[in-house]
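The structure under discussion appears below in the form of structure tokens.
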Amino acid sequence: MTSEHVDVLIVGAGLSGIGAACHLQDECPDKTYAILESRDVIGGTWDLFRYPGVRSDSDMFTLGYRFRPWKDSQAIADGPAIRSYIRDTAREYGVEERIRFHHRVVSADWSSEDARWTVTAQRSDTGETVRLTCPWLSVCSGYYRYDEGFRPQFPGEGRFEGELIHPQHWPEDFDATGQRIVVIGSGATAVTLVPSLAPEAEHVTMMQRTPSYILSLPGRDPLAQLLRDKLPAKVAYPIVRWKNVLLSTLLYQFSRRRPAAARKLIRRLTAKQLPAGFDVDTHFNPPYDPWDQRLCLVPDGDLFRSLRRGEASIVTDRIATFTEKGIELESGEHLDADVIVTATGLNLLPMGGMTLCLDGVPVDLSETVSYKGMMISGVPNFSMVIGYTNASWTLKADLVNGYVCRLLNHLDAEGYVSATPVAPPEGADLPFLDLASGYVQRSLAQLPKQGRRKPWRLHQNYLRDMQLMRRGPLDDEGMTFQRSTAAAATDRAVA
Ligand SMILES: Cc1cc2nc3c(=O)[nH]c(=O)nc-3n(C[C@H](O)[C@H](O)[C@H](O)COP(=O)(O)OP(=O)(O)OC[C@H]3O[C@@H](n4cnc5c(N)ncnc54)[C@H](O)[C@@H]3O)c2cc1C
């Protein structure tokens, strides 16, 4: 058993954890820190997912860090390019050597007496248990289970004689050539897989129960292309980034305020890209409003191109049963398949599965209230990064990681030992994530609630949140600060 002390402990070496480390180095250069990562590589999501065509579905000028330009004019990037961007950032900022790979954090226990966390990790390579202590714990573990995607049990699936694949565990040697492939699902993964598999496959069928809203976006950003040769990246990047922040905010606000008009607009843009006579109203007309669930973006309309070429088709129906040769639908139709891909989503997992205890008492996340979407009531010196669901993840991750540095500097300047959020006096009843998507709804009960006003409510609006997080006061109504360990214990008792 080893034990070591650092000022800040970061859990996870994905986009958020590497970002957190870079912020610390820039904004709190005197702090010592370490990153504990359960896998043996940097990159998180962008290393784990290896299915054909894996890519971002939000633009890289906002999915990239604010502090490090995305230099390509490719707006929608593939998995390997994003992985390289994260690794290069870690290398450039000297973060790599602070990462302890194979360390899966299982628990963190706050001691009021010492005003510090004791974090326990299990080493996946040696089986050893490792303990570190730190005054501040920053959890950047993403939001879903790494070992297993969401996979409903389908009737009769044991009968299927072909290959059954979940995109989270894509077989390295898979060859689509000449195969009849059915992709179950209608989310970002399904709409990425279909056009990627279609050119080699005999045919790809996207089998969906409920359609999604799908918008085509230019794969290359025209403004980025224009500015690329004229301005240095450090000048061009913020311009393109802000253009994209404003456009995506406008689209989101328009969709929420004028859902009928947004629905009509998306339908018109979709119909324009489909072959004549295509049944748009069955296959591209979701029963919910735009942005009740995440909108899918496809670069240069690649999904629509596959449909136009006849390489792919869409079926909107329900599965009656798997058969030896494919899927029988409730309508009676049979989809013949050599391969079935279950693009059925993720299993949400708050805090990478770790448990939190305060002086030995377990924290039940569902009983807590989130503060500025990044800390939780009653829990001192703790932050977590859960990015936006209606815009690029990194926009919020950057805000949270910057805010943590502001708080750390404030604690030092004022001689405090801890910062502990309190719940709003009137209580809180809003969900932490405002999305109707299955993976969110399945897991809301495990997450903190949000209050109805700031600072207990984040608006999922970068412009408003930026004001709150970069310029808003640190000592607002929702936060308490403790000067000594004794005061910390008393304050927590009333929180
Ligand atoms: C297929 C897919 C496509 C996506 N596309 C987009 C997109 O286009 N735009 C967008 O904004 N978002 C997208 N997302 C959301 C995406 O997860 C974020 O973009 C971003 O990668 C999250 O970064 P993260 O570092 O917070 O989490 P992750 O990328 O999940 O990384 C978390 C890291 O923490 C580690 N970890 C977890 N638990 C523990 C533990 N207990 N102990 C130690 N280490 C732990 C993991 O191994 C991992 O390395 C997508 C997600 C998926 C699954």
Side-chain angles (χ1 to χ4, degrees), residues 9-21 34-51 53-65 75-79 82-83 85-87 89-90 99-108 119-124 130 132 137-147 149-150 166-168 170 185 187-193 217 244 248 294-299 343 345-356 384-398 400-401 439 462:
L9 195 62
I10 299 169
V11 181
L15 197 53
S16 308
I18 300 299
I35 302 181
L36 300 186
E37 165 56 55
S38 57
R39 303 177 74 231
D40 59 354
V41 281
I42 293 177
T45 298
W46 303 106
D47 181 81
L48 179 76
F49 280 84
R50 299 292 179 122
Y51 58 78
V54 57
R55 64 188 181 206
S56 64
D57 66 349
S58 55
D59 75 275
M60 284 310 298
F61 302 95
T62 55
L63 190 61
Y65 301 113
I76 299 288
D78 61 24
I82 304 174
R83 190 161 69 231
Y85 172 79
I86 302 171
R87 279 191 193 155
T89 307
I99 307 173
R100 321 272 168 92
F101 292 109
H102 293 294
H103 283 64
R104 190 171 66 83
V105 176
V106 289
S107 63
V119 175
T120 305
Q122 218 78 59
R123 285 198 67 144
S124 56
V130 178
L132 281 95
L137 179 61
S138 176
V139 175
C140 300
S141 59
Y143 65 111
Y144 61 87
R145 271 178 75 158
Y146 267 62
D147 56 341
F150 178 67
H166 193 287
Q168 198 162 324
W170 196 265
T189 303
V191 305
T192 300
L193 271 167
L217 187 88
N244 288 356
S248 59
R294 213 178 150 100
L295 208 108
C296 289
L297 294 181
V298 293
L346 306 163
N347 274 316
L348 218 114
L349 182 69
M351 297 194 308
M354 58 189 276
T355 55
L356 283 187
M384 60 180 181
V385 172
I386 306 277
Y388 287 130
T389 46
N390 65 343
S392 280
W393 181 278
T394 321
L395 289 174
K396 185 177 161 198
D398 266 340
V400 171
N401 290 330
Y439 70 95
Y462 182 64

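Every number for a ligand or one of its atoms is a count from 1 in the order of the listing.
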Polar contact flag for Thr394 and ligand 1 (N/O pairs, less than 3.5 Å): no
Option of least heavy-atom distance to atom 25 (O) of ligand 1 (set: Ala13, Ser58, Ser16): Ser16
Proximity of Cys140 to ligand 1 by residue part, where a heavy atom lies under 4.0 Å: backbone
Whether Arg294 lies under 4.0 Å from ligand 1, heavy atom: yes
Subset of ligand 1 atoms that lie under 4.0 Å from at least one heavy atom of Gly44: 29 (O), 31 (O), 48 (C), 49 (O)
Numbered atoms of ligand 1 (with element) below 4.0 Å of Asp57, judged on heavy atoms: 5 (N), 6 (C), 7 (C), 8 (O), 9 (N)
Test item, Ala188 contacting ligand 1 (heavy atom, 4.0 angstrom): no
Element-labelled atoms of ligand 1 that are located less than 4.0 Å from some non-hydrogen atom of Ser56: 8 (O)
Structural part of Phe101 in contact with ligand 1, heavy atom criterion under 4.0 angstrom: neither
Atoms in ligand 1 with a heavy atom of Tyr143 nearer than 4.0 Å: 15 (C), 17 (O), 51 (C)
N/O separation below 3.5 Å, Trp393 to ligand 1: yes
Per-atom contacts of ligand 1 with Gly12, taking only distances under 4.0 Å to non-hydrogen atoms: 33 (C), 34 (O), 35 (C)
Nitrogen or oxygen atoms of Glu37 and ligand 1 under 3.5 Å apart: yes
Polar atom proximity, Leu63 to ligand 1 (N or O, under 3.5 Å): no
Thr45 N/O to ligand 1 N/O under 3.5 Å: yes
Test of proximity, Val54 against ligand 1: N or O pairs below 3.5 Å: no
Any His103 heavy atom less than 4.0 Å to ligand 1: yes
Sub-4.0 Å heavy-atom approach of Met354 to ligand 1: no
Min N/O separation Trp46 to ligand 1 under 3.5 Å: yes
Enumerated ligand 1 atoms positioned under 4.0 Å from heavy atoms of Leu36: 43 (C), 44 (N)
Of the listed options Tyr388, Tyr144, Tyr146, closest to atom 28 (P) of ligand 1 (non-hydrogen atoms): Tyr146
